[in-house]
Amino acid sequence: MPELPEVETIARGLATRVSGDVIESIWLGSKPEPLKSSALEIAATLEHSRIAAVRRVGKHIVFDLDRVERASVPAKGRRSKTRRKEPAARLPRPSSTPHAVGEKSVRPIQANLTQANLTQTKPPDAQWIVHLGMTGRLVVCEPAAEIAKHTHLIAKLASGRELRFIDPRMFGKLSVHLHPVGFDPGGVEPLEVSEQRFIALFRGRKTPIKSALLNQKLLRGVGNIYADESLFRSGIRPRRRAAAITRQQLGTLHRAVREVLREAIALGGSSISDYVDADGEEGFFQFQHRVYGREGEPCLVCGTAIRRVVLAGRSSHYCANCQK
DNA sequence: AATGAAACCTGACAGC
DNA sequence: TGCTGTCAGGTTTCAT
């Protein structure tokens with residue numbers, strides 16, 4: 001269901017809510033469809049792991065996990081009485097830093113202790129990858145909260161809350177990756193790619209530009225809504241062959257894609273049907289759509305009725321006057 | 001090799 | 001109220 005801006009919004013929401021928390025146990029539903037790794041592998045990897053960071057890669061949500069030394073494990077019927085202390089966080093202590101004396105020098109050091117910097121210096125022990133497909137949702141809730149239909153995974157957190165994965169249509173996917181293999185979906189991030197590189201992605205391709213934009217092996221994260229909106233803003237028809245687009249037009253498209261994605265992220269994504277972020281809040285970008293979902297309505301620029309055609313099995317919306 | 005269509009599923013909604 | 005048909009923001013697979 002969600003595209004880059006929605007996944008980004010969800011990942012940010014989750015990061016603020018579950019970063020630093022520890023997954024104590026995992027419950028998996030009976031439906032194996034959403035699992036790309038084996039149930040055993042997923043449970044073994046997630047249980048007793050600390051969530052070091054939550055971030056977005058393409059349309060995937062990536063949980064960076066650090067193994068937590070188990071505090072007290074009943075070893076073969078024998079319970080260890082002495083509860084070992086939770087190992088101190090893997091962060092260097094500010095006081096151990098020779099220069100951490102004055103306030104001014106302490107501050108930046110503490111600022112360095114963020115998840116982002118931690119993962120930069122030390123790769124995570126494992127990664128949990130969630131793709132939401134069309135209808136997947138990740139919610140953080142109290143254990144008492146009613147278990148929604150189509151709940152496929154529940155992670156019990158040390159904080160007492162639960163992280164749940166719900167997906168009615170089961171197009172979503174869950175997998176785990178152990179360091180050092182790591183997760184790489186291919187493609188480049190549209191918000192990071194240079195104009196040169198962007199243009200090179202599409203040169204010589206005979207496929208319609210819309211199909212190329214949706215190809216996650218080229219550009220990762222752009223989906224149907226933002227492809228249509230980007231093409232409208234750059235005046236290019238969805239069916240145009242990628243190879244037939246000039247460098248200059250591709251440059252315009254490069255800027256349009258990034259502009260649309262940035263605006264959508266700023267507004268918390270597009271809420272169509274039941275999309276909500278990790279806090280249950282709806283996004284607002286759907287009010288900014290200029291072509292998507294506006295078949296028959298007047299173009300906001302020239303008044304021509306917006307057309308809808310099916311391309312590669314997906315609805316494509318465009319203005320026949322503004323887009324050539 | 002590359003492109004397009006079909007398939008994977010369930011739920012919501014419109015029309016009868 | 002209930003049936004049928006259509007559509008859905010994604011990805012993979014299978015024919016051309």
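Just so we're clear, the structure is a prediction, and the values are computed from it rather than from any experiment. Labels below follow one simple rule: chain letters A, B, ... track the order of the sequence lines, proteins then strands, and each chain is numbered from 1. Heavy-atom basis, side chains included; hydrogens, waters and symmetry copies ignored.
One finds a side-chain N or O of A/Arg308 lying less than 4.0 angstrom from the OP1 or OP2 phosphate oxygen of C/dA8. OP1 or OP2 of C/dT11 has at least one side-chain nitrogen or oxygen of A/Lys59 nearer than 4.0 Å. Distances shorter than 4.0 Å separate none of the side-chain N or O atoms of A/Lys173 from OP1 or OP2 on C/dT11. Distances shown here put a side-chain N or O of A/Ser315 below 4.0 Å from the OP1 or OP2 atom of C/dA8. Taking 4.0 angstrom as the limit, A/Lys149 places none of its side-chain polar atoms (N or O) nearer than this to OP1 or OP2 of B/dT10.
Atom CZ of A/Arg307 has 12 or fewer heavy atoms from other residues, nucleotides or ligands within 6.0 Å. With a 6.0 Å radius and a threshold of 12 heavy atoms from other residues, nucleotides or ligands, A/Glu195 has its CD atom above the threshold. Taking a 6.0 Å sphere around CZ of A/Arg197, one finds it holds 12 or fewer heavy atoms contributed by other residues, nucleotides or ligands.
Atom pair A/Tyr292:OH and C/dC7:P shows a separation of 12 Å (rounding to whole Å applied). Atom pair A/Glu33:CD and B/dT10:P shows a separation of 8 Å (rounding to whole Å applied). Protein atom CZ of A/Arg169 is 15 Å distant from nucleotide atom P of C/dT12, rounded to whole Å. Rounded to an integer number of Å, the gap from A/Tyr226 OH to C/dA8 P is 16 Å. Rounded to a whole Å, the CG atom of A/Leu218 is 13 Å from the P atom of C/dT11. To the nearest angstrom, C1' of C/dT11 lies 9 Å from NZ of A/Lys36. In this structure, A/His289 atom NE2 and C/dA8 atom P are separated by 14 Å, rounded to whole Å. Rounding to whole angstrom units, CZ of residue A/Arg220 and P of C/dG10 are separated by 16 Å.
The P atoms of B/dA1 and C/dT11 are separated by 24 Å, rounded to the nearest whole Å. For the P atom pair drawn from C/dT6 and B/dA6, the interatomic distance equals 14 Å after rounding to whole Å. Taking atom P in both C/dC14 and B/dC9, the straight-line distance is 14 Å, to the nearest Å.
The hydrophobic cluster containing A/Val176 does not contain A/Val62, counting ILVMFWY residues as joined when their side-chain heavy atoms lie under 4.5 angstrom apart, directly or transitively. Residues A/Phe202 and A/Ile245 are members of one and the same hydrophobic cluster, defined by side-chain heavy-atom contacts under 4.5 angstrom among Ile, Leu, Val, Met, Phe, Trp and Tyr.
Considering only the side chain of A/Glu3, C/dG10 comes nearest among B/dG11, C/dG10, C/dA8. Nearest nucleotide to the A/Gln216 side chain, out of B/dT10, C/dA8, C/dT11: C/dT11. When each of C/dA8, B/dG11, C/dG10 is scored by its nearest atom to the side-chain atoms of A/His150, the top-ranked nucleotide is B/dG11.
Between the A/Gln216 side chain and the A/Val222 main chain, a donor and an acceptor come within less than 3.5 Å of each other. Using modelled atom types, no side-chain atom of A/Asp64 and backbone atom of A/Ala53 make a donor-acceptor pair closer than 3.5 Å.
A ring-centre distance under 6.0 Å is not found for A/Tyr318 and A/Tyr292.
A salt bridge does not link A/Glu33 to A/Lys31: none of the charged side-chain nitrogens sits closer than 4.0 Å to a carboxylate oxygen.
Using bins of under 30°, 30° to 60° and over 60° for the plane-to-plane angle, the ring pair A/His289/A/Tyr226 lands in the perpendicular bin.
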Under a cut-off of 3.5 Å for both distances of each Watson-Crick or G-U pair, what dot-bracket string does DNA chain C give, using [ ] for crossing pairs and | for inter-strand pairs? .|||||||.|||||||
Pairs under 3.5 Å (N/O, protein and nucleotides 1-4 of chain B):
{"unit_1": "B/dT3", "atom_1": "OP1", "unit_2": "A/Lys206", "atom_2": "N", "d": "3.0"}
{"unit_1": "B/dT3", "atom_1": "OP1", "unit_2": "A/Thr207", "atom_2": "N", "d": "3.1"}
{"unit_1": "B/dG4", "atom_1": "OP2", "unit_2": "A/Thr207", "atom_2": "OG1", "d": "3.4"}

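Counting any heavy atom pair closer than 4.0 Å across all strands shown, A/Gly223 reaches sugar-phosphate atoms only and no base atom.
In this structure, A/Phe171 forms no aromatic stack with the base of C/dT11, since the conditions of centre separation below 5.5 Å and plane angle below 30° are not both met.
For the ring pair (Phe, Tyr, Trp, His ring centres under 6.0 Å) with A/Trp128, the lone residue among A/Phe165, A/Phe183, A/Phe63 that qualifies is A/Phe63.
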